[in-house]
Amino acid sequence: MSGKRMADELAISGVAIWKHIEALRQEGYDINGVAGRGYRLNNWQNVIIPSEVMQGLGKAELIRQIMYCPVVDSTNELAKELAASNEEGLVIVAGQQRAGKGRLGRKWDSPLGGIWFSIILKPRLPLSKLALLSLVFALALGKALDKFTEKPSQLKWPNDVFIADKKVAGILLEVSGQPDRVDNLIAGFGINVNISSDAWVIEDEKITSLLIENHRVMENSHILTEVLSYIEEYYYLFLQEGFEQIRQEFKAKCLHLGQDVSIQQFKATITGRCMDIDEQGSMILKVDDEIMRITTGDVKII
Ligand code: BT5
């Protein structure tokens, strides 16, 4: 868009426009300027426009505000800092993360093109019920992504979303509060959207993106709107009706139900057949003739 047109529409000088463009560049926006022609925002599909997402959400009750930062260390860390002084429903979205986190101190690769965001939540739930939210949110994320690809999403217990047997999104829940009470729950979501296979730092042939699966660039604002809308729907469904419907839907999308799996835990690896996901969100594993309830660990299909 030409600098003159922007200056006219905003009723400010060309120099003021240039200063604003410089400030946006400092924040990480990728903007080209061509003398005499104007400015162009590159990779606009990757940029989240909060007002557009809020408008798309319509009368959302949970999501109150969206904050977009082109580059941060980790949206979960920023959300933790902001949680005490903010209400439930603040969403922090980043274009890139310098130090994205997975579970158990693992790294989450967050290059430009993905949607990396965290929601501040204040659920009044006993600690025993909190772990179920991983499954609730994984289902919501999977259902939302189904709108953007013909390949159905699959869920890996407890918190991964797969497409075509590869990981496309992950969830990290972190809590703060007293031993018997949670004050803040930070729900972090990472979705690989417009990322080509050469853009990742990690080497893992089991990861994918919507770009890789669909062979086309998608609009991140549009995807975020759909994801937030499903998160709200399933969060309230869980709080109001409990876990049962969600459990059934999770099982219907579960990548490894009925399959032989190995569960890697802190010190042990357990191998068996995944029989069920129970009412507490645990995985029921048949190991030889014994039935075990698994509450934590990483699942590998064997
Ligand atoms: C997760 O951990 O899957 C949780 C990911 C949560 C990321 C979001 S982004 C916004 C918010 N802010 C943060 O700092 N984090 C959250 P886990 O199940 O532990 O999986 C981590 C493993 O996934 C790594 O060890 C890698 O093998 C793999 N991995 C890393 N980056 C990936 C990516 N972009 N896509 C797919 N797999 C990835």
Side-chain angles (χ1 to χ4, degrees), residues 46 48 66-83 90-121 131 133-142 145 153-176 184-213 220 223-224 227-228 231 255-256 261 263-266 283 294-301:
N46 294 336
I48 298 289
I66 299 173
M67 189 190 272
Y68 177 71
C69 315
V71 187
V72 297
D73 282 342
S74 153
T75 57
N76 262 40
E77 288 304 313
L78 186 54
K80 269 191 235 166
E81 284 168 29
L82 297 173
L90 173 63
V91 177
I92 295 140
V93 198
Q96 272 171 278
Q97 296 185 116
R98 286 179 288 244
K101 302 190 307 177
R103 292 178 303 150
L104 306 167
R106 291 188 281 238
K107 289 201 169 102
W108 183 260
D109 203 357
S110 319
L112 193 70
I115 306 177
W116 324 117
F117 73 98
S118 303
I119 311 180
I120 296 172
L121 297 170
L133 283 173
S134 271
L135 286 81
V136 174
F137 291 144
L139 177 63
L141 195 46
L145 295 188
S153 63
Q154 308 145 297
L155 307 177
K156 187 165 80 110
W157 183 89
N159 69 329
D160 288 343
V161 183
F162 275 51
I163 289 178
D165 295 326
K166 295 183 185 137
K167 182 159 168 172
V168 72
I171 298 168
L172 171 66
L173 299 184
E174 295 185 286
V175 293
S176 66
N184 296 300
L185 171 78
I186 308 301
F189 298 79
I191 312 169
N192 300 327
V193 184
N194 298 316
I195 304 177
S196 56
S197 45
D198 54 6
W200 274 295
V201 177
I202 46 163
E203 282 186 26
D204 187 339
E205 73 281 8
K206 293 288 265 177
I207 69 179
T208 194
S209 69
L210 291 180
L211 175 71
I212 293 170
E213 298 302 329
N220 279 0
I223 295 174
L224 180 62
V227 170
L228 290 175
I231 287 174
L255 182 64
H256 46 77
V261 294
I263 316 285
Q264 278 165 294
Q265 293 183 325
F266 183 52
M283 192 202 288
I294 307 289
T295 55
T296 56
D298 283 308
V299 178
K300 260 203 186 132
I301 297 172

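As the structure is a prediction and not an experimental result, all values here were calculated from the model. Every number for a ligand or one of its atoms is a count from 1 in the order of the listing.
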Using every non-hydrogen atom in the two residues, find where L112 and Q96 come nearest and quote the distance to one decimal.
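Nearest heavy atoms, L112 then Q96: N-CG, 3.4 Å.
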Can any side-chain N or O of S118 pair as donor or acceptor with the backbone N or O of N76 at less than 3.5 Å?
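Looks like yes, one N/O pair under 3.5 Å.
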Looking only at atom types and distance, does a side-chain atom of K80 sit under 3.5 Å from a main-chain N or O of I186, one as donor and one as acceptor?
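It does not hold such a pair.
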For D160, all residues meeting side-chain hydrogen bond (donor to acceptor under 3.5 Å, both in side chains), sequence neighbours excluded:
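Per chain and number, D160 pairs via side-chain hydrogen bond (donor to acceptor under 3.5 Å, both in side chains) with K167.
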Can you produce the list of protein nitrogen or oxygen atoms under 3.5 Å from a nitrogen or oxygen of ligand 1, alongside each distance?
| residue | atom | partner | partner atom | Å |
| --- | --- | --- | --- | --- |
| ligand 1 | 2 (O) | R103 | N | 3.2 |
| ligand 1 | 3 (O) | K167 | NZ | 2.8 |
| ligand 1 | 12 (N) | T75 | OG1 | 3.1 |
| ligand 1 | 12 (N) | Q97 | OE1 | 3.0 |
| ligand 1 | 14 (O) | S74 | OG | 2.7 |
| ligand 1 | 14 (O) | K101 | N | 2.7 |
| ligand 1 | 15 (N) | K101 | O | 2.8 |
| ligand 1 | 18 (O) | R103 | NE | 3.1 |
| ligand 1 | 18 (O) | R103 | NH2 | 3.4 |
| ligand 1 | 18 (O) | K167 | NZ | 3.3 |
| ligand 1 | 19 (O) | R103 | N | 2.9 |
| ligand 1 | 19 (O) | R106 | NE | 2.8 |
| ligand 1 | 19 (O) | R106 | NH2 | 2.9 |
| ligand 1 | 20 (O) | K167 | NZ | 3.0 |
| ligand 1 | 31 (N) | D109 | N | 3.0 |
| ligand 1 | 34 (N) | D109 | O | 2.9 |
| ligand 1 | 34 (N) | N192 | OD1 | 3.1 |
| ligand 1 | 34 (N) | W200 | NE1 | 3.3 |
| ligand 1 | 35 (N) | N192 | ND2 | 2.8 |

Mind checking whether F117 and F189 have parallel, tilted or perpendicular rings, split at 30° and 60°?
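Parallel: the ring planes of F117 and F189 meet at under 30°.
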Would you check if V168 and E213 make a side-chain contact, meaning some heavy-atom pair closer than 4.5 Å?
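Contact flag for V168/E213 side chains = no.
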